[in-house]
Amino acid sequence: PLPWTAKRRNRVASQVLRSGFDVVGLQESNGNTNFPSLYRKVKHRFASTARCAKIKGTAVRDARSRILYDRTRFSGSRAISGRIRLDRSYSADADYACYQLLTEKATGARFLVASAHLINGPGVAKDRKRYRQTRNLIADTLAVRRAHGASWPIVWAGDYNSSAARKYTFDAPRRAMRQAAGARDAFAVARTRKFGSYNSANQLRRRPWRTHHHVDHVYVSPGIGVPQFRVIVRLKGKLYRTPFASDHNPVRATLRIPY
């Protein structure tokens with residue numbers, strides 16, 4: 001992995017600002033140490049108000065996921081936001097997600113968005129754990145919606161560390177999303193795709209890894225339309241431009257949220 005140097009934070013901030021995002025889910029942002037300085041570089045456009053940081057009275061110092069949203073287009077509810085314990089554990093090395101209710105100012109459309117990071121690695125034990133983590137992610141976001149008597153659409157974005165590639169015994173998050181929420185992968189249902197063959201995991205290699213088995217996903221609840229899915233790449237000829245901002249290429253889903 002790349003170290004969180006000042007130069008890297010500048011590269012990440014530049015990528016966030018130029019990539020046409022309205023809402024951004026960040027993972028492995030090491031929030032209590034690196035996120036504040038990264039946020040200062042983008043806060044003129046993006047707000048970050050979800051309660052994603054440390055959990056008082058526990059070993060959890062940071063959920064390591066963040067949600068940014070365009071402050072001119074959306075408002076974010078701090079009251080309806082928080083962390084999700086994907087492992088049902090407060091251990092410091094457990095995996096977490098962050099969620100928040102967003103409202104589009106122009107239309108009043110409301111939707112829940114979650115930013116998640118699941119356990120990494122191949123093998124049946126890891127696949128089964130990713131399945132449990134995804135089921136917990138779904139259960140908690142549905143519980144939030146149910147607690148408010150609402151039917152908000154939900155967007156679950158993040159690094160799921162899983163795909164239909166042969167290195168995995170099954171695509172656990174995809175199965176859990178279909179079974180527990182009827183949710184679809186935005187890449188699979190998008191009307192158009194841009195740079196879809198450039199894998200979201202660039203592995204810090206200048207020569208692109210060309211496969212559509214992405215480990216980063218945007219899952220959407222029933223009723224959300226997906227006009228386009230795009231992998232954000234910076235190319236120089238047939239190679240990636242360097243230096244890299246991350247060992248992952250950002251993915252961007254254009255969504256139509258019902259209201």
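Nothing fancy with the numbering, it's 1 onward along the sequence. Because only heavy atoms are used, hydrogens play no part in the values below, and waters and symmetry mates are left out as well, while side chains stay in.
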Does a side-chain heavy-atom distance below 4.5 Å link Arg8 with Ser246? yes
Polar side-chain atom of Ser19 near backbone of Phe21 as donor-acceptor pair, under 3.5 Å: no
Within the side chain of Gln100, is there an N or O that forms a donor-acceptor pair under 3.5 Å with the backbone of Val113? no
Answer yes or no: is there a side-chain heavy-atom contact under 4.5 Å between Val251 and Val218? yes
Ile232/Asn249 under side-chain contact (heavy atoms from CB on, under 4.5 Å): CA gap, chis, key distance, verdict: CA-CA 6 Å; Ile232 306 294; Asn249 294 321; 5.8 Å; no
At what distance, to the nearest 0.5 angstrom, does CG of Leu112 lie from OG of Ser221? 9.0 Å
Please check if Val23 and Tyr160 belong to a single hydrophobic cluster, counting links between Ile, Leu, Val, Met, Phe, Trp and Tyr side chain heavy atoms closer than 4.5 Å. no
Determine, using the 4.5 Å side-chain heavy-atom cutoff (strictly less than), whether Tyr240 and Leu204 are members of one ILVMFWY cluster. yes
Minimal non-hydrogen separation, Leu239 against Pro208, with atom names: CA-CD, 4.2 Å
Please check if the number of heavy atoms outside Arg256 that lie under 6.0 Å from its CZ is greater than 12. no
Nearest 0.5 Å, what's the CG-OG distance between Leu101 and Ser77? 5.5 Å
Gln228 side, atom CD; Thr192 side, atom OG1 - distance, nearest 0.5 Å: 4.0 Å
With a 3.5 Å cut-off and no angle check, do the side chains of Ser48 and Arg66 form a donor-acceptor pair? no
Determine whether Phe46 and Val12 fall in the same hydrophobic cluster, where Ile, Leu, Val, Met, Phe, Trp and Tyr are linked whenever their side-chain heavy atoms lie under 4.5 Å apart. yes
Side chains of Arg230 and Arg193: does their closest heavy-atom pair fall under 4.5 Å? no
Please find the pair of heavy atoms, one from Arg135 and one from Ala176, that lie closest to each other, and give the distance. CD-CB, 3.8 Å
Distance-only, no hydrogens or angles: does the His148 side chain make a donor-acceptor pair with backbone N or O of Ile80 under 3.5 Å? no
Could you tell me whether the side chain of Thr242 and the main chain of Phe244 form a donor-acceptor pair under 3.5 Å? no
In one Ile/Leu/Val/Met/Phe/Trp/Tyr side-chain cluster, 4.5 Å: Val144, Ile138: yes
Backbone N or O of Arg234 within a donor-acceptor pair of the Arg241 side chain at under 3.5 Å? no
State, with a plain yes or no, whether a side-chain heavy atom of Arg184 is found less than 4.5 Å away from one of Met177. no
Flag for Asp247-Gln203: side-chain donor and acceptor within less than 3.5 Å: no
Starting from the C-alpha separation in whole Å, work towards a yes-or-no answer on side-chain contact (heavy atoms from CB on, under 4.5 Å) for Leu68 and Val16. CA-CA 10 Å; Leu68 299 171; Val16 168; 4.3 Å; yes
Going through the distances and angles, do Ser163 and Tyr168 end up as a side-chain contact (heavy atoms from CB on, under 4.5 Å)? CA-CA 7 Å; Ser163 73; Tyr168 305 106; 3.6 Å; yes
For the atom pair OG (Ser162) and NZ (Lys167), what is the distance rounded to the nearest 0.5 Å? 9.5 Å
Are more than 12 heavy atoms from other residues, nucleotides or ligands located less than 6.0 Å from atom CZ of Arg166? no
Verdict with supporting geometry, Asn199 and Arg210, side-chain contact (heavy atoms from CB on, under 4.5 Å): CA-CA 6 Å; Asn199 197 263; Arg210 302 295 291 270; over 6 Å; no
Single hit among Asp127, Thr134, Asp185 for side chain to side chain contact (heavy atoms under 4.5 Å, CB included) with Pro173: Thr134
Linking I/L/V/M/F/W/Y whenever their side-chain heavy atoms sit closer than 4.5 Å, directly or via other members, would Leu137 and Tyr96 fall into one cluster? no
Between Ala253 and Ala186 the two heavy atoms that sit nearest each other are CB-CB, 4.0 Å
Counting N and O atoms only, with roles assigned by atom type, does the side chain of Lys126 sit under 3.5 Å from a partner on the main chain of Asn120, one being a donor and the other an acceptor? yes
Would you check if there is a donor-acceptor pair between the side chains of Tyr69 and Thr49 at a distance under 3.5 Å? yes
Taking Arg78's backbone N and O only, do any of them form a donor-acceptor pair with Arg51's side chain (distance below 3.5 Å, no angle check)? yes
With a 4.5 Å cut-off on side-chain heavy atoms, are Gln27 and Arg64 touching? no
Report, as yes or no, whether the 6.0 Å neighbourhood of atom CZ on Arg45 holds more than 12 heavy atoms from other residues, nucleotides or ligands. yes
To the nearest 0.5 angstrom, please state how far the CG atom of Asn34 sits from the CD atom of Glu28. 12.0 Å
Would you say that more than 12 heavy atoms from the other residues, nucleotides or ligands in this model lie under 6.0 Å from the CZ of Phe170, or not? yes
Quick one: OG on Ser197 to NE2 on His213, what's the gap to the nearest 0.5 Å? 12.0 Å
With a 4.5 Å limit on heavy-atom distance, are the side chains of Gln15 and Arg11 in contact? no
May I ask you to check whether over 12 heavy atoms, not counting those of Arg83, lie within 6.0 Å of atom CZ? yes
Which heavy atom of Gly76 sits nearest a heavy atom of Leu102, and at what distance? CA-CD2, 3.7 Å
Can you label the angle between the His217 ring and the Tyr219 ring as parallel, tilted or perpendicular, going by 30° and 60°? parallel
Does any part of the side chain of Leu26, heavy atoms only, come nearer than 4.5 Å to the side chain of Phe35, both counted from C-beta? yes
Would you mind reporting whether Asp159 and Leu118 have side-chain heavy atoms less than 4.5 Å apart? no
If the test is side-chain hydrogen bond (donor to acceptor under 3.5 Å, both in side chains), which one of Trp156, Tyr99, Trp152 qualifies with Thr141? Trp156
Using the ring of each side chain (for Trp, its six-membered ring), is His212 parallel, tilted or perpendicular to Phe187, with breaks at 30° and 60°? parallel
Reference residue Asp22; test salt bridge (charged side-chain N to carboxylate O under 4.0 Å, His left out); the match among Arg71, Arg252, Arg73, Lys105: Arg73
Asn136 and Arg85: side-chain donor and acceptor closer than 3.5 Å? no
Taking the basic N atoms (NZ, or NE/NH1/NH2) and the acidic carboxylate oxygens, is any pair closer than 4.0 Å for Asp140 and Arg88? yes
